[in-house]
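What follows is one structure encoded as structure tokens, with my remarks underneath.
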Amino acid sequence: VTIAFSVVLTPVTSSDLYAQGTSVTTDWTREAASQIRLDGSNTAPKIDKDKLEEITSEFIIWDTWPLQDKNGHPAVVNGYKIIFALSVPKGTIPGKRHDSAEIRYFYSNDGKSWRPGGLVFEDGKALGSRQWAGSFVIDKNGRVHMFYTATGRKGEERLSYGQKLATVTADILTNKSVAFANWSNHKVILEADGTYYQTEEQAGYGEFSYAFRDPSYFLDPKTGEEYLLFSANSSGTLEERACRPEHAGTAEFMRTMPSEAKFYNGSIGIAKAVNDDLTEFEALPPLLEANCVNEELERPNVVVKGNQYYLFTKTHSNKFAEGIDAPEGLYGFVSESFTTEYKPLNGTGLVIANPDDNPYQSYSWMVMSNGTVISYVDYVDVDGKDIQEIGEQSTEYQIEHFGGMLAPSIKLSITGDRTSLLGEKKQGVFK
Ligand code: FRU
């Protein structure tokens, strides 16, 4: 995808480019991803779960996000910081937690010790049969806009996996504790359209990877436009897709393209807000696709530093296509334009890798605007088992080896198109 920037004088948006018939989507190529290597600049310190503390003894938690202001800074509301996390009661088989996830919140006066606030949404009101990750922002009037994934159908008897982006708003009440009140109605804001983003039907209802989830709010400081980023897959059925030179990166990588690579179609989608209430969004072409490289790019978010946009996502080692050996990790891309021309950070995209001797220790990293990265403890000390084998172990094994709590935060240095790890911080620290 080459765009003749020399002739473009005014800032172009992806809708303009799309109208001109120009592709704006960046490809994460096999060439870039094939060069991924673990080293001291990207490998996280080994986690010792016994030294960690839980913020709740009743629930396991995983994907976690703080309440943010519209510029992406963790918000402080009357002295309180608030975080939200996917949760299930302790005792749930960790591998089955996605089937009954609910969003809980925790609040803190000091940003270190967290008190449980309970479930965020009013009983029975949230959309979907369960709720997956999202992002919650507070506007200047104190109204909280909550964007989340509604998965499955409300009240369904047989679990289904359809995913929709949903929203609801509420006020925050703070006194000796933190609570939410004056709720709006929950509303679906976006479903996969089959043109930019693969529908569940195109994906063969669970036969192949399908994502349309993890909305993440982003205000572009250069234009004032508001967006949601989300995790998706490139559109079309498997028969309609093909691996092309732009997915390979070089003629050599095209020549050696494995035939199964076309199963891999992870993408990062965007939708632009078309009203000030943030209840109507228009889907735009994806920011990035990993066609023939990776099938699942989760929880994307963007951080702005200087003149650059940093796009982050996370993925599992087993989501990479054949021929690419890459770790469970945080991956990232950088561009001077929000909608196009991203380059993989560090030349490959790898930003944080789990160490080789604890390859599933942490997941779902989220980069804050100051470079601090939070995540949760996934499976630890699994003695060389891969994720498939872990899933086949007994309930007791899974419970014993699953963290289900906040991981130590990591401080990231970000300069130009390079990143490196500066060290570990306490669990749940955003500073
Ligand atoms: C990442 C993730 C998200 C999803 C959630 C479901 O850990 O897979 O993409 O929203 O977990 O539990």
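Side chains are part of it too, since the values below use all heavy atoms of this structure and drop only hydrogens, waters and symmetry mates. Note that this is a predicted model, so its numbers are computed, not measured. Both counts, for ligands and for their atoms, begin at 1 and track the order of listing.
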Below the 3.5 angstrom mark, is there an N/O of [X], backbone or side chain, next to an N/O of ligand 1?
{"X": "Thr149", "answer": "no"}
{"X": "Asp214", "answer": "yes"}
{"X": "Arg213", "answer": "yes"}

Please step through side-chain contact (heavy atoms from CB on, under 4.5 Å) for the pair Phe263 and Leu238, ending with a clear verdict.
CA-CA 7 Å; Phe263 285 84; Leu238 185 61; 3.3 Å; yes

With a 6.0 Å cut-off on ring centres, are [X] and [Y] close enough?
{"X": "Phe333", "Y": "Trp28", "result": "yes"}
{"X": "Tyr331", "Y": "Phe320", "result": "yes"}
{"X": "Phe84", "Y": "Tyr148", "result": "no"}

Should the pair Phe230 and Phe212 be assigned to parallel (<30°), tilted (30 to 60°) or perpendicular (>60°) ring geometry?
tilted

Atoms of ligand 1 close to [X] [distance to a heavy atom under 4.0 angstrom, numbered from 1]:
{"X": "Ala133", "result": "10 (O)"}
{"X": "Tyr363", "result": "1 (C), 7 (O)"}
{"X": "Trp62", "result": "11 (O), 12 (O)"}

Relative to ligand 1, is Leu86 under 4.0 angstrom through side chain, backbone, both or neither, heavy atoms considered?
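Looking at Leu86 and ligand 1, just side chain atoms fall under 4.0 Å.
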
Starting from the C-alpha separation in whole Å, work towards a yes-or-no answer on side-chain contact (heavy atoms from CB on, under 4.5 Å) for Ile36 and Asp325.
CA-CA 7 Å; Ile36 291 169; Asp325 183 14; over 6 Å; no

Starting from [atom], find the nearest protein heavy-atom neighbour and note its residue, name and distance.
{"atom": "atom 8 (O) of ligand 1", "answer": "Glu298 OE2, 2.5 Å"}
{"atom": "atom 6 (C) of ligand 1", "answer": "His98 ND1, 3.3 Å"}
{"atom": "atom 11 (O) of ligand 1", "answer": "Asp63 OD2, 3.0 Å"}

Identify the heavy atoms of Asp63 and Arg299 that sit nearest to each other, and give their distance.
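Result for this residue pair: OD2-CD, 3.2 Å.
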
4.0 Å heavy-atom contact, Ser364 with ligand 1
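The answer is yes: ligand 1 sits under 4.0 Å from a heavy atom of Ser364.
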
Determine, step by step, whether Asn370 and Phe430 satisfy the side-chain contact (heavy atoms from CB on, under 4.5 Å) criterion, reporting the C-alpha distance in whole Å, the side-chain angles of both residues, the deciding distance to 0.1 Å, and the verdict.
CA-CA 8 Å; Asn370 62 0; Phe430 299 95; 5.7 Å; no

